[in-house]
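Okay, structure first, notes after.
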Amino acid sequence: MARWLVKTEPDECSIDDFAENPDRAIVWEGVRNYQARNFLRDMAVGDECFIYHSSCKHIGIAGIVKVFRSAYPDPAQFDPESPYHDARSTTDNPRWTAVDMIFVSKLPRLITLDELRGLSGLEGLSLLKRGSRLSVMPVSESEWETIVALC
DNA sequence: GCCAACGTTGGC
DNA sequence: GCCAACGTTGGC
(Lines give C-alpha, C1' and ligand atoms only; values in the text may rest on other atoms or scores of the structure.)
Protein backbone atom coordinates (compact mmCIF):
# COMPACT_ATOMS: atom_id res chain seq x y z
CA MET A 1 0.00 0.00 0.00
CA ALA A 2 1.33 3.38 -0.98
CA ARG A 3 0.93 6.52 1.08
CA TRP A 4 0.27 10.06 -0.02
CA LEU A 5 -0.31 13.59 1.13
CA VAL A 6 -2.91 15.82 -0.44
CA LYS A 7 -3.38 19.53 0.19
CA THR A 8 -6.74 21.15 0.54
CA GLU A 9 -8.11 24.46 1.63
CA PRO A 10 -10.41 23.56 4.52
CA ASP A 11 -12.95 26.11 3.31
CA GLU A 12 -13.32 23.91 0.23
CA CYS A 13 -12.93 20.46 1.74
CA SER A 14 -11.64 19.69 5.20
CA ILE A 15 -11.09 16.57 7.26
CA ASP A 16 -14.32 17.43 9.05
CA ASP A 17 -16.23 17.11 5.80
CA PHE A 18 -15.01 13.52 5.66
CA ALA A 19 -15.57 12.87 9.37
CA GLU A 20 -19.15 14.09 9.26
CA ASN A 21 -20.02 11.54 6.57
CA PRO A 22 -17.69 8.64 7.26
CA ASP A 23 -19.54 6.30 4.91
CA ARG A 24 -19.61 8.65 1.97
CA ALA A 25 -16.78 8.96 -0.52
CA ILE A 26 -15.82 12.46 -1.63
CA VAL A 27 -14.66 13.22 -5.17
CA TRP A 28 -11.14 14.57 -5.11
CA GLU A 29 -11.42 16.86 -8.10
CA GLY A 30 -9.89 20.04 -9.37
CA VAL A 31 -6.24 19.05 -9.46
CA ARG A 32 -4.87 21.04 -12.39
CA ASN A 33 -1.19 20.37 -12.31
CA TYR A 34 0.38 17.61 -14.36
CA GLN A 35 2.77 16.28 -11.77
CA ALA A 36 0.03 16.13 -9.16
CA ARG A 37 -2.32 14.51 -11.67
CA ASN A 38 0.22 11.83 -12.42
CA PHE A 39 0.41 10.99 -8.74
CA LEU A 40 -3.39 10.74 -8.63
CA ARG A 41 -3.15 8.21 -11.46
CA ASP A 42 -0.75 6.15 -9.39
CA MET A 43 -3.10 5.84 -6.43
CA ALA A 44 -4.63 2.45 -5.72
CA VAL A 45 -7.79 1.62 -3.80
CA GLY A 46 -6.92 1.44 -0.11
CA ASP A 47 -3.92 3.77 -0.29
CA GLU A 48 -3.89 6.14 2.66
CA CYS A 49 -3.48 9.90 2.39
CA PHE A 50 -2.68 12.60 4.85
CA ILE A 51 -5.05 15.53 4.57
CA TYR A 52 -3.09 18.77 4.79
CA HIS A 53 -4.96 22.01 5.41
CA SER A 54 -3.39 24.92 3.56
CA SER A 55 -4.13 28.61 3.03
CA CYS A 56 -5.96 28.87 6.31
CA LYS A 57 -5.55 29.81 9.94
CA HIS A 58 -4.43 26.42 11.24
CA ILE A 59 -1.99 25.02 8.71
CA GLY A 60 -0.93 21.39 8.95
CA ILE A 61 -1.87 17.74 8.73
CA ALA A 62 -5.35 17.21 10.11
CA GLY A 63 -6.26 13.61 9.35
CA ILE A 64 -6.13 10.54 7.18
CA VAL A 65 -8.38 9.40 4.35
CA LYS A 66 -8.05 6.53 1.91
CA VAL A 67 -8.62 5.94 -1.76
CA PHE A 68 -12.10 4.52 -2.34
CA ARG A 69 -12.07 4.66 -6.13
CA SER A 70 -8.91 4.96 -8.19
CA ALA A 71 -8.26 7.31 -11.08
CA TYR A 72 -11.01 8.28 -13.49
CA PRO A 73 -11.65 11.38 -15.60
CA ASP A 74 -12.34 14.37 -13.37
CA PRO A 75 -15.99 15.24 -14.07
CA ALA A 76 -15.42 18.89 -13.25
CA GLN A 77 -13.30 19.39 -16.36
CA PHE A 78 -16.39 18.82 -18.54
CA ASP A 79 -18.69 21.10 -16.53
CA PRO A 80 -18.86 24.63 -17.93
CA GLU A 81 -20.30 25.81 -14.63
CA SER A 82 -17.39 24.50 -12.62
CA PRO A 83 -14.39 26.64 -11.71
CA TYR A 84 -12.38 23.58 -12.72
CA HIS A 85 -13.83 23.47 -16.22
CA ASP A 86 -11.27 22.92 -18.97
CA ALA A 87 -12.49 23.53 -22.51
CA ARG A 88 -9.51 21.64 -23.91
CA SER A 89 -10.68 18.39 -22.35
CA THR A 90 -12.95 16.02 -24.25
CA THR A 91 -14.51 12.79 -23.08
CA ASP A 92 -12.37 10.99 -25.67
CA ASN A 93 -9.28 12.74 -24.46
CA PRO A 94 -9.70 13.92 -20.88
CA ARG A 95 -6.86 15.90 -19.45
CA TRP A 96 -7.52 15.70 -15.72
CA THR A 97 -7.99 12.96 -13.18
CA ALA A 98 -10.08 12.52 -10.05
CA VAL A 99 -10.17 9.87 -7.36
CA ASP A 100 -12.71 9.24 -4.62
CA MET A 101 -11.60 9.41 -1.00
CA ILE A 102 -13.21 8.20 2.18
CA PHE A 103 -12.67 8.96 5.85
CA VAL A 104 -10.17 7.02 7.93
CA SER A 105 -9.39 9.15 10.98
CA LYS A 106 -8.91 12.59 12.32
CA LEU A 107 -5.58 13.07 14.03
CA PRO A 108 -5.86 13.67 17.79
CA ARG A 109 -4.40 17.09 17.08
CA LEU A 110 -3.19 19.11 14.13
CA ILE A 111 0.42 18.46 13.16
CA THR A 112 1.53 21.94 12.27
CA LEU A 113 3.82 22.94 9.46
CA ASP A 114 6.32 24.22 12.02
CA GLU A 115 6.40 20.83 13.70
CA LEU A 116 6.93 19.07 10.41
CA ARG A 117 9.80 21.40 9.61
CA GLY A 118 11.38 20.52 12.92
CA LEU A 119 11.45 16.79 12.27
CA SER A 120 14.39 14.96 10.80
CA GLY A 121 13.68 12.38 8.16
CA LEU A 122 11.29 14.52 6.15
CA GLU A 123 13.89 16.30 4.05
CA GLY A 124 12.64 14.54 0.95
CA LEU A 125 9.03 15.51 1.40
CA SER A 126 7.99 17.90 -1.34
CA LEU A 127 5.68 19.75 1.01
CA LEU A 128 8.63 21.09 2.98
CA LYS A 129 10.73 22.14 0.03
CA ARG A 130 11.07 25.82 -0.60
CA GLY A 131 8.52 27.17 -2.99
CA SER A 132 6.86 23.81 -3.48
CA ARG A 133 3.30 24.03 -4.75
CA LEU A 134 2.69 20.39 -5.45
CA SER A 135 -0.76 19.45 -4.11
CA VAL A 136 -0.49 15.66 -4.35
CA MET A 137 2.71 13.90 -3.34
CA PRO A 138 3.95 10.50 -2.29
CA VAL A 139 4.94 9.87 1.33
CA SER A 140 7.39 7.08 2.07
CA GLU A 141 6.76 4.50 4.73
CA SER A 142 9.38 6.02 7.01
CA GLU A 143 8.07 9.55 6.47
CA TRP A 144 4.59 8.33 7.29
CA GLU A 145 5.77 6.65 10.50
CA THR A 146 7.75 9.71 11.52
CA ILE A 147 4.67 11.89 11.22
CA VAL A 148 2.23 9.46 12.79
CA ALA A 149 4.59 9.03 15.75
CA LEU A 150 3.93 12.65 16.72
CA CYS A 151 0.33 11.95 17.63
C1' DG B 1 -2.75 41.97 1.36
C1' DC B 2 2.05 41.02 0.13
C1' DC B 3 5.15 38.77 -2.57
C1' DA B 4 8.49 34.94 -3.72
C1' DA B 5 8.38 30.96 -6.21
C1' DC B 6 6.56 28.32 -9.48
C1' DG B 7 4.01 26.31 -13.75
C1' DT B 8 1.92 27.48 -18.07
C1' DT B 9 1.26 30.01 -22.22
C1' DG B 10 2.33 31.77 -26.52
C1' DG B 11 5.12 34.64 -29.70
C1' DC B 12 9.18 34.19 -32.06
C1' DG C 1 13.04 25.15 -28.34
C1' DC C 2 13.63 29.54 -25.95
C1' DC C 3 12.03 32.66 -22.70
C1' DA C 4 9.26 36.76 -21.18
C1' DA C 5 4.86 37.54 -19.48
C1' DC C 6 1.33 36.09 -16.92
C1' DG C 7 -1.61 33.73 -13.46
C1' DT C 8 -1.58 30.93 -9.33
C1' DT C 9 -0.08 29.09 -4.96
C1' DG C 10 0.48 29.50 -0.27
C1' DG C 11 3.04 31.03 3.88
C1' DC C 12 3.51 35.05 6.27
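Residue numbers start from 1 in every chain, and the chains themselves are labelled A, B, ... in the order their sequence lines are given, proteins ahead of strands.
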Minimum-distance nucleotide to A/Tyr34 side chain [options: C/dC12, B/dT8, C/dG10]: B/dT8

Interatomic distance, A/Leu116 CG vs C/dG10 P [rounded to whole Å]: 15 Å

Distance, rounded to the nearest Å, where A/Leu134 contributes CG and C/dG10 contributes C1': 13 Å

Rounded interatomic separation in angstrom, taking CG from A/Asp86 and P from B/dT8: 12 Å

Ring geometry between A/Trp4 and A/Phe39 (parallel below 30°, tilted from 30 to 60°, perpendicular above 60°): tilted

Among B/dG7, C/dG11, C/dG10, the one nearest A/Arg117 by side-chain distance: C/dG11

Length of the CD1-P vector between A/Ile59 and C/dG11, whole Å: 4 Å

Length of the CG-P vector between A/Leu127 and B/dA5, whole Å: 17 Å

A/Trp96 ring center near A/Tyr72 ring center (under 6.0 Å): no

Salt bridge A/Arg3-A/Glu48, side-chain N to carboxylate O under 4.0 Å: yes

A/Arg130, nearest nucleotide to its side chain (from B/dA5, B/dT8, C/dG11): B/dA5

Nearest-neighbour nucleotide for the A/Lys7 side chain, C/dG10, C/dG11, B/dT8 considered: C/dG10

Sugar-phosphate, base or nothing in reach of A/Arg88, heavy atoms under 4.0 Å: sugar-phosphate

Gap between atoms CG and C1', on A/Leu5 and C/dG10 respectively (whole Å): 14 Å

Side-chain donor/acceptor of A/Asn38 to backbone N/O of A/Gln35, under 3.5 Å: no

For atom CZ of A/Arg32 and atom P of C/dG10, their distance in whole Å: 15 Å

Value in whole Å for how far the P atom of B/dT8 lies from CZ of A/Arg37: 10 Å

Expected output: side-chain A/Arg41 to main-chain A/Thr97 donor-acceptor under 3.5 Å: no

Closest to side chain of A/Leu113, choosing from C/dG10, B/dG7, C/dC12: C/dC12

